[in-house]
Amino acid sequence: MARAKAHPRERLGKDERQTQLLELGLREFAAQPYDEISIDELAKRAGISKGLLYHYFPTKRDFYVATVREAARRLTEETMTPESLPPLERLERGLMAYLDFVERHSKAYAALMRGGIGADPDVAAIVERTRQDLIARMMVGTPAPESAAARASLKLALRGWIGFVEATSVEWALEHKPSRRVLIELWSRVLFTLGVGR
């Protein structure tokens, strides 16, 4: 039996190679459990040597953390809305963009929110920083409560709301039920009970 021809390795610049590897990480870590993916497999799928992969990411964990950081960066970037918009319109656009992101990256999003490699402090910090960025963005243009206690309560309530959005997003990404519009209306109604966006 004739052997299949090996594809020549593509020579890429440093930034291009890193972008290629992060795309690979987003795809592969979403498709398989972390423990079932080997560096050998990842290098083979990237068309590079294991040594070159280690040059960019010293360990599999480093590769995973970089992949999570890239996913968080994209989520933050893609859900940005103009601060000049009225709060309600900005909220709706932001939630639509968030759901667009979840839909496009449903497996990666579900894998991230369901734990990935467990209680890793770097992954947890990235996820938490993303949550805080989303909360801060939502508060732009919204009148803040006058007392420190009320502000603290609102911040805590928003933190819980973000958790609610994440949990329902994971279920929606897998089932696509209810409709996008119904889900966004649900998120908005819950948020309004906190006194935000009205």
Side-chain angles (χ1 to χ4, degrees), residues 14-37 39 42 45-46 53-54 56-83 85 90-140 142 155-174 176 180 183-184 187-188 190-191 196:
K14 182 179 178 181
D15 290 345
E16 290 175 304
R17 179 66 73 191
Q18 191 149 14
T19 298
Q20 179 213 29
L21 291 175
L22 289 172
E23 289 289 348
L24 174 72
L26 287 167
R27 186 171 64 248
E28 296 301 325
F29 287 122
Q32 299 180 69
Y34 175 84
D35 291 335
E36 293 179 13
I37 305 176
I39 285 290
L42 291 167
R45 289 171 191 174
L53 182 53
Y54 278 132
Y56 286 92
F57 306 103
T59 67
K60 186 173 75 167
R61 175 189 171 276
D62 289 324
F63 189 16
Y64 181 77
V65 171
T67 299
V68 172
R69 187 177 293 112
E70 175 63 12
R73 183 195 68 77
R74 293 184 186 189
L75 174 61
T76 301
E77 184 177 279
E78 292 178 26
T79 54
M80 281 185 161
T81 53
E83 293 185 6
L85 292 175
R90 196 173 68 248
L91 171 65
E92 183 169 347
R93 282 201 195 181
L95 292 177
M96 287 290 286
Y98 186 92
L99 209 49
D100 286 343
F101 181 90
V102 171
E103 188 168 29
R104 282 197 311 277
H105 309 286
S106 57
K107 289 183 179 178
Y109 182 85
L112 171 60
M113 292 305 165
R114 286 181 167 170
I117 56 176
D120 184 279
D122 289 333
V123 171
I126 293 167
V127 173
E128 185 57 29
R129 187 162 54 250
T130 304
R131 289 171 179 149
Q132 294 300 329
D133 287 346
L134 292 173
I135 289 171
R137 194 186 304 165
M138 285 171 48
M139 295 303 295
V140 172
T142 301
K155 185 176 180 182
L156 186 62
L158 285 172
R159 179 64 181 75
W161 180 80
I162 287 287
F164 169 68
V165 169
E166 289 172 355
T168 51
S169 295
V170 168
E171 294 303 316
W172 184 86
L174 300 175
H176 283 81
R180 292 166 58 95
L183 181 58
I184 288 175
W187 289 347
S188 299
V190 173
L191 185 63
V196 179

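Computation of the quantities below employed the complete heavy-atom set of this structure, encompassing side-chain atoms and omitting hydrogens, waters and symmetry-equivalent molecules. If you're wondering where the values come from, they're calculated on a predicted model, not measured in any experiment. In this chain, numbering begins with 1 at the start of the sequence shown.
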Which residues satisfy the side-chain contact (heavy atoms from CB on, under 4.5 Å) test with [X], sequence neighbours excluded?
| X | value |
| --- | --- |
| Arg73 | Glu70, Glu77 |
| Glu36 | Gln32, Pro33 |
| Pro58 | Asp62 |

Taking the side chain as C-beta and beyond, is there a heavy-atom pair between [X] and [Y] under 4.5 Å?
| X | Y | result |
| --- | --- | --- |
| Val170 | Val102 | no |
| Tyr64 | Asp120 | no |
| Leu26 | His105 | no |
| Phe29 | Leu42 | yes |
| Trp187 | Trp161 | yes |
| Arg180 | Glu103 | yes |

Without swapping roles, check the side chain of [X] against the backbone of [Y] for a donor-acceptor pair under 3.5 Å.
| X | Y | value |
| --- | --- | --- |
| Arg137 | Thr81 | no |
| Gln20 | Ala46 | yes |
| Tyr34 | Arg61 | yes |

Atom [atom1] in [X], atom [atom2] in [Y]: separation rounded to 0.5 Å?
| X | Y | atom1 | atom2 | answer |
| --- | --- | --- | --- | --- |
| Leu75 | Asp100 | CG | CG | 11.5 Å |
| Leu158 | Leu191 | CG | CG | 6.5 Å |
| Ile39 | Tyr54 | CD1 | OH | 4.5 Å |
| Arg159 | Arg131 | CZ | CZ | 4.5 Å |

Assess the residue pair Phe101 and Thr76 against the criterion (side-chain contact (heavy atoms from CB on, under 4.5 Å)); give the C-alpha distance rounded to whole Å, side-chain angles, the decisive distance to 0.1 Å, and a yes or no. CA-CA 10 Å; Phe101 181 90; Thr76 301; over 6 Å; no
Quick one: do the Glu128 and Gln132 side chains pair a donor with an acceptor below 3.5 Å?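 Yes, because at least one side-chain N or O of Glu128 sits under 3.5 Å from a partner of the opposite role on Gln132.
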Could you go through the side-chain contact (heavy atoms from CB on, under 4.5 Å) check for Trp172 and Leu99 one step at a time? CA-CA 9 Å; Trp172 184 86; Leu99 209 49; 3.7 Å; yes
Lys/Arg-Asp/Glu bridge criterion (N-O < 4.0 Å) met for Arg74, Glu23: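 Answer for the salt bridge query: yes.
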